[in-house]
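Have a look at the structure below, then the notes.
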2 protein chains.
Amino acid sequence: MPTSTTKRDDILDSALTLFAERGFDATTIPMIATDAKVGAGTIYRYFANKEVLVNTLFQHYVTLFKEALEKYYPEGAGIREQFHHLFQGMIRFTNEHDHALYFIKTHTSAYFLDAESREQFSHLLMIFEDFFEAGKQHCHIRELPSKALIAIIFGGFLQLYQLIRVGELEASAELLAGVEESCWDAVRHHS
Amino acid sequence: MPTSTTKRDDILDSALTLFAERGFDATTIPMIATDAKVGAGTIYRYFANKEVLVNTLFQHYVTLFKEALEKYYPEGAGIREQFHHLFQGMIRFTNEHDHALYFIKTHTSAYFLDAESREQFSHLLMIFEDFFEAGKQHCHIRELPSKALIAIIFGGFLQLYQLIRVGELEASAELLAGVEESCWDAVRHHS
DNA sequence: AAAAACGGAATGAATATTCATTCCTATAAA
DNA sequence: TTTATAGGAATGAATATTCATTCCGTTTTT
């Protein structure tokens with residue numbers, strides 16, 4: 001076990017960027033090594049193989065994201081404020097960890113994810129599921145399966161952030177507020 | 001030029017399914033050949049290489065999709081009816097060409113798409129862009145960049161259809177109607 | 001000086017692509 | 001009507017390339 005963890009982090013950072021931009025299969029170990037400025041062999045000092053690397057990365061960011069959403073969650077507040085918290089959480093997390101959400105999204109149903117990764121991801125979804133289920137009980141949320149509501153929010157948000165990443169849109173506060181309102185209108189109950 | 005076009009179609013069909021299910025890089029030519037019940041070499045009689053194959057496929061379905069949306073477009077009708085036409089178009093197209101939309105979505109910003117493919121895809125987006133721009137002029141549509149509105153609709157819809165493909169949700173008429181309403185509420189102007 | 005960490009060339013497996021050969025089918029000769 | 005033949009289509013084994021992983025000499029740390 002190495003003393004310094006710098007290289008390990010460099011490797012993870014480069015892997016995140018490359019996996020997000022090109023996908024797991026199109027990203028080679030030498031590519032990651034070059035980007036991280038380490039030798040190809042060094043990667044194997046920290047990760048048994050490419051699959052362990054990608055699962056480590058996946059679990060790391062899913063957990064971070066989950067924690068970001070759960071931290072300061074306004075348990076007692078109104079539903080709109082809770083939604084705001086979750087939405088802000090997505091935005092903040094995306095800003096802090098550039099490619100992380102996109103990486104998670106594009107690899108959620110990948111063939112190389114292990115049981116632990118799938119488990120962690122379902123925990124993440126449960127935060128949203130609980131929120132929507134409670135909301136539907138009080139008629140604040142549209143009568144659709146929670147899975148469907150999650151898909152609409154997540155799909156829309158991430159597709160949007162892809163445009164921002166590519167530079168086709170600028171992530172102004174105004175735009176983000178508008179998108180939040182749009183997503184809220186998509187899931188809330190309309191009378 | 002072959003007399004029958006059957007094999008070419010078999011190859012394209014198999015490639016569509018495999019690219020959609022596993023992605024371009026995780027799909028090998030022998031896989032496609034086996035699935036299509038042809039020799040690996042036969043694929044090269046019809047397509048110069050793997051990239052030409054994927055671009056052919058991409059352009060084919062983007063064009064088909066564009067035509068499906070443009071056909072019977074209710075030019076003079078109200079905005080809600082036009083939206084319904086577009087949304088129904090997405091649903092019908094997805095039903096008729098199982099993996100096509102998902103394949104398009106997951107490969108839209110892939111590194112191997114050529115200029116023609118990108119061009120075709122931007123034509124497709126323009127249908128939605130025109131619709132949203134006109135709607136905003138008459139205050140029927142939310143004041144957000146059309147690109148953002150497209151991302152929300154497309155992202156949400158496709159994420160949802162992925163759940164259906166995987167079997168986590170059933171594509172009942174009721175569900176689809178609900179999702180359409182949700183998407184409409186996401187983009188329409190609220191007073 | 002010894003031990004650990006590193007780098008990157010070497011290896012072998014997997015993959016895209018090629019190509020010599022076989023297989024059809026259609027036409028023509030018998 | 002049957003048989004021969006040409007030429008395009010199809011094949012899959014062979015080749016060339018790419019990639020994950022390993023190995024070992026070098027550098028850094030203790």
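Every chain is numbered from 1 and lettered A, B, ... according to where its sequence line falls, protein lines coming before strand lines.
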Please report, rounded to the nearest Å, how far the [atom2] atom of [N] is from the [atom1] atom of [X].
X: R8(B); N: dA10(D); atom1: CZ; atom2: C1'; value: 16 Å
X: F24(B); N: dT15(C); atom1: CZ; atom2: P; value: 14 Å
X: I29(A); N: dA14(C); atom1: CD1; atom2: P; value: 16 Å
X: D10(B); N: dA10(D); atom1: CG; atom2: P; value: 10 Å
X: E51(A); N: dT21(D); atom1: CD; atom2: P; value: 8 Å
X: D25(A); N: dA16(C); atom1: CG; atom2: C1'; value: 15 Å
X: I32(A); N: dA20(D); atom1: CD1; atom2: P; value: 8 Å
X: F47(B); N: dA16(C); atom1: CZ; atom2: P; value: 16 Å

Can you see whether Y111(A) engages D25(A) through a side-chain donor-acceptor pair at a distance of less than 3.5 angstrom? yes
Polar side chain donor-acceptor pair, E133(B) to S146(B), under 3.5 angstrom: yes
If you assign each of M31(A) and G41(A) to its closest nucleotide in DNA chain D, which residue comes earlier from the 5' end?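 Final value for this comparison: M31(A).
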Can you find a side chain N or O atom of K7(A) that sits less than 4.0 Å from OP1 or OP2 on dG7(C)? yes
Return no unless some side-chain N or O of Y44(B) is found under 4.0 Å from OP1 or OP2 of dT17(C).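 Checking Y44(B) against dT17(C): at least one side-chain N or O falls below 4.0 Å of OP1 or OP2.
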Would you say M126(A) ends up clustered with L64(A) if hydrophobic residues are merged whenever their side chains have heavy atoms under 4.5 Å apart, either directly or through other cluster members?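 No, L64(A) does not connect to M126(A) through the hydrophobic network.
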If you check the [X] side chain, which of [options] turns out closest?
X: R45(B); options: dA9(D), dA16(C), dT21(D); value: dA9(D)
X: Y46(A); options: dA10(D), dA20(D), dC6(C); value: dC6(C)
X: K50(B); options: dA16(C), dA20(D), dT11(D); value: dA16(C)
X: T28(B); options: dT15(C), dA20(D), dT17(C); value: dT15(C)
X: T42(A); options: dT21(D), dT15(C), dG7(C); value: dG7(C)
X: V38(B); options: dT11(D), dG7(C), dT15(C); value: dT11(D)

Consider side-chain contact (heavy atoms from CB on, under 4.5 Å). Of T17(B), D10(B), I11(B), L18(B), which one does D35(B) pass it with? L18(B)
Show your reasoning for whether side-chain hydrogen bond (donor to acceptor under 3.5 Å, both in side chains) applies to D9(A) and T6(A). CA-CA 5 Å; D9(A) 286 348; T6(A) 303; over 6 Å; no
Sugar-phosphate, base or nothing in reach of T34(A), heavy atoms under 4.0 Å: nothing
